[in-house]
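Order of the sequence lines sets the chain letters (A, B, ...), proteins ahead of strands, with each chain counted from 1.
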Number of protein chains: 4
Amino acid sequence: MQDRPDDKYSRILNASIEVISEKGLEKSSVSEIVKKAGIAQGTFYLYFSSKSDLVPAIANSLLTKILDRMKRKVQGAESFWSTLDAVIDETFKVTDEHKDIIVLVYSGLAVKHSLEKWEEVYRPYYEWLEVEISKAVQKEEILPDINVKWTSRTIINLIENAAERYYIGGERDESLTVYKEELFKFIRKSLITD
Amino acid sequence: MQDRPDDKYSRILNASIEVISEKGLEKSSVSEIVKKAGIAQGTFYLYFSSKSDLVPAIANSLLTKILDRMKRKVQGAESFWSTLDAVIDETFKVTDEHKDIIVLVYSGLAVKHSLEKWEEVYRPYYEWLEVEISKAVQKEEILPDINVKWTSRTIINLIENAAERYYIGGERDESLTVYKEELFKFIRKSLITD
Amino acid sequence: MQDRPDDKYSRILNASIEVISEKGLEKSSVSEIVKKAGIAQGTFYLYFSSKSDLVPAIANSLLTKILDRMKRKVQGAESFWSTLDAVIDETFKVTDEHKDIIVLVYSGLAVKHSLEKWEEVYRPYYEWLEVEISKAVQKEEILPDINVKWTSRTIINLIENAAERYYIGGERDESLTVYKEELFKFIRKSLITD
Amino acid sequence: MQDRPDDKYSRILNASIEVISEKGLEKSSVSEIVKKAGIAQGTFYLYFSSKSDLVPAIANSLLTKILDRMKRKVQGAESFWSTLDAVIDETFKVTDEHKDIIVLVYSGLAVKHSLEKWEEVYRPYYEWLEVEISKAVQKEEILPDINVKWTSRTIINLIENAAERYYIGGERDESLTVYKEELFKFIRKSLITD
DNA sequence: GATGAATGAGTGTTCATTCAT
DNA sequence: TATGAATGAACACTCATTCAT
């Protein structure tokens with residue numbers, strides 16, 4: 001429904017991403033968001049039931065964007081290892097580009113009672129990687145004695161954390177290349193060792 | 001300063017942990033904290049320069065507590081693998097006990113300009129594990145071709161993330177034991193494979 | 001206009017009686033009323049010029065209902081005393097059934113500049129009792145040296161107040177029967193004493 | 001406590017009487033009240049827990065004032081009849097002077113769940129008249145077969161209603177003197193008839 | 001007549017912070 | 001140091017009303 005990027009819903013969503021990634025949810029005011037979106041104060045509440053309602057919407061929008069990019073990049077990958085490589089690469093890129101939103105989404109969803117939404121939002125991403133891992137198992141690229149579901153989640157979190165530590169936490173003792181290689185090796189070893 | 005647990009500083013810190021872990025930083029009021037601490041409104045500002053000043057103090061207090069526990073548990077461990085086992089175990093326990101503070105610290109520190117503090121707070125923990133890893137390399141328990149610093153950080157984050165996914169994110173498809181074993185194997189493989 | 005109970009006007013009126021007697025005028029919203037009435041927001045303003053326009057309409061509707069009931073009950077009363085008895089009885093019943101609307105009408109009409117409407121709304125009721133009193137005077141049931149107009153208003157208010165004190169104010173020191181008898185005697189004495 | 005008329009509590013109370021009697025509770029804003037009281041917005045909430053908290057306070061203040069006046073006027077009255085006369089007189093005067101507050105108190109207390117307060121506020125007044133009536137019974141000025149408690153309440157309401165109808169409802173078919181005489185006679189007859 | 005999306009003014013209340021004592 | 005009364009800016013949310021269709 002919210003396809004055209006200039007319908008009211010999208011106008012609000014985009015404005016809120018701008019504003020909230022700059023200042024955090026609590027410090028952002030609805031009035032600033034609507035001003036930026038060019039709509040009236042009351043109109044906001046026709047599309048979102050409350051300010052905090054924005055966070056899952058933003059998270060969802062980001063995740064959708066990320067997953068699309070992943071899929072596109074990974075298309076025609078020869079092996080699971082080039083898929084993994086692409087996922088690492090893309091995650092670092094996305095993290096760099098969207099630092100602000102990621103931090104926001106983290107802190108926003110990390111609020112009590114919103115945590116269930118986290119899983120919900122991430123699920124498509126998790127499930128996509130599950131499929132890739134399963135295919136790799138079948139092609140005997142990686143060992144079969146792993147828990148696919150658990151491993152999918154763990155890998156995604158591992159990569160995202162590393163990227164966040166690099167770009168957001170300021171942990172830059174190594175070059176980016178070394179950082180990513182280290183990560184690749186770490187995961188690979190875990191998947192091919194008996 | 002905060003040695004005696006009933007000096008004003010500690011009274012404020014403990015009260016704020018109680019209040020803030022319950023409701024989050026923004027929803028908590030200084031007035032509620034001082035009421036719980038049994039001091040006057042103005043006294044708060046003799047010990048903390050602002051409300052947001054509390055978060056690093058809380059984070060620090062938690063990390064100190066965690067690191068103490070780790071060290072105690074790991075004392076006299078025969079091999080790196082029993083150390084790793086203990087770290088995993090302890091992390092899960094701590095995460096379970098202190099869900100609320102962890103979420104708070106996450107969301108609190110995740111706000112822009114506070115992220116540098118994160119590294120600072122975690123550093124002693126990271127460094128402690130670095131030492132343990134180095135010892136393991138020397139004892140030839142794990143392979144030498146790893147980046148110790150990077151690996152220390154990665155392992156800690158990996159374990160914490162898994163624990164958070166289990167206790168906070170509600171990802172409980174597997175039993176706790178299986179979950180922890182999976183994690184142990186995942187890390188071990190990465191450290192012993194060439 | 002409001003004859004058929006399902007034309008738009010009546011639908012709005014009935015919905016607003018439900019909603020407003022529940023929550024009071026200020027706390028009730030037009031949007032809730034129109035939702036209950038099953039019409040569109042804008043349609044409301046085709047029938048009422050504003051929200052506060054509802055109160056006299058509701059008051060009128062209630063008074064009409066009450067007066068109808070009075071007349072029916074009193075039909076064929078042998079003496080003024082049985083009329084008075086019926087009026088007391090009926091007022092108590094109506095007050096009990098419509099506590100909410102009565103309170104609303106009181107507080108709604110009690111706002112400055114709305115008080116003239118009060119007299120207007122009550123007039124038919126007052127006048128009906130004037131006629132009854134006059135007949136009683138002629139039949140020499142009550143003494144002639146009273147001001148009929150004033151007495152009519154006073155009696156109605158006296159009875160209504162007693163009923164309100166009983167049902168709304170919670171003044172229930174006596175049984176309902178005693179209460180009504182006391183009232184009857186009080187009025188009767190005033191009318192037959194020289 | 002709120003004796004001196006220029007402590008904060010009294011300043012708020014007096015300002016709110018001015019503002020609210022002019023516009024009604026809902027139409028009055030706290031911001032207007034504090035402006036008139038010459039205090040800061042937040043200070044209001046140190047003395048009243050909410051805007052609606054003002055109504056019982058105002059009612060109480062008015063009733064106290066009324067009761068004081070009654071007692072003073074009635075001091076040294078020779079008979080119950082001169083007491084009654086004074087009560088009628090004073091009620092009409094007070095109603096004239098404080099029309100606005102009376103209307104406000106009516107509409108404000110008439111809101112659901114506030115009605116219990118009504119009785120509470122009026123109780124001292126009711127009880128004072130009960131004592132006067134009892135004395136009159138003992139002095140055999142009025143007949144003993146009445147319910148003192150019920151009669152006290154009824155007389156007060158009767159007089160107040162008549163005064164309100166005269167001053168607020170605009171029912172002025174008769175001169176004020178006639179109006180009050182009529183009332184006196186009506187009550188007197190009820191009290192002396194067997 | 002009927003609709004309902006859009007408006008934007010309006011408000012009670014909270015709360016971090018200050019400061020005179 | 002310690003207090004706590006006073007401050008006043010800030011804000012989410014509501015809702016009566018309008019108007020293009």
Response to the item:
Paired to E/dA9 by Watson-Crick or G-U wobble criteria (both distances under 3.5 Å) is F/dT14
Fill in: Who pairs with E/dT21 - Watson-Crick or G-U, where each distance is under 3.5 Å
F/dA2
Worksheet item: Taking the side chain from B/Lys51 and the backbone from B/Leu25, do they hold a donor-acceptor pair closer than 3.5 Å?
Response: yes
Worksheet item: What is the base-pairing partner of E/dC15, counting Watson-Crick and G-U wobble geometry with both distances under 3.5 Å?
Response: F/dG8
Item to complete: Would you mind reading off the distance between A/Glu26 atom CD and F/dA10 atom P, rounded to a whole angstrom?
Response: 17 Å
Response to the item:
note: C/Lys35, atom NZ; F/dC15, atom P; distance rounded to Å ~ 11 Å
Worksheet item: Can you check whether C/Leu13 reaches C/Ile58 side chain to side chain, under 4.5 Å on heavy atoms?
Response: yes
Worksheet item: What is the distance from CG of C/Leu54 to P of F/dC15, rounded to the nearest Å?
Response: 15 Å
Worksheet item: When the distance from CG of A/Leu25 to P of F/dA12 is rounded to whole Å, what number comes out?
Response: 9 Å
Practice prompt. Summarise how protein sits on nucleotides 1-11 of chain E as a single string, 5' to 3': B when a protein heavy atom is under 4.0 Å from the base, S for sugar-phosphate-only contact, - for no contact.
Written response: SBBBBBBBB--
Worksheet item: Rounded to whole angstroms, how far apart are CZ on B/Phe48 and C1' on E/dC15?
Response: 18 Å
Worksheet item: Does B/Ser61 use its side chain to pair, donor to acceptor, with the backbone of B/Ala57 at less than 3.5 Å?
Response: no
Worksheet entry | Whole angstrom value for the distance that separates C1' of F/dA10 from CD1 of A/Ile33 | 15 Å
Discussion item. Taking C/Val94's backbone N and O only, do any of them form a donor-acceptor pair with C/Lys65's side chain (distance below 3.5 Å, no angle check)?
Written reply: no
Worksheet entry | Donor on one side chain, acceptor on other, B/Ser10 and B/Asp7, under 3.5 Å | yes
Worksheet item: Just how far, in rounded Å, is C1' of F/dT3 from CZ of B/Arg11?
Response: 14 Å
Worksheet item: Rounded to whole angstroms, how far apart are OH on D/Tyr45 and C1' on E/dA16?
Response: 18 Å
Discussion item. Parallel, tilted or perpendicular: which one describes the rings of A/Tyr9 and A/Phe48, with boundaries at 30° and 60°?
Written reply: parallel
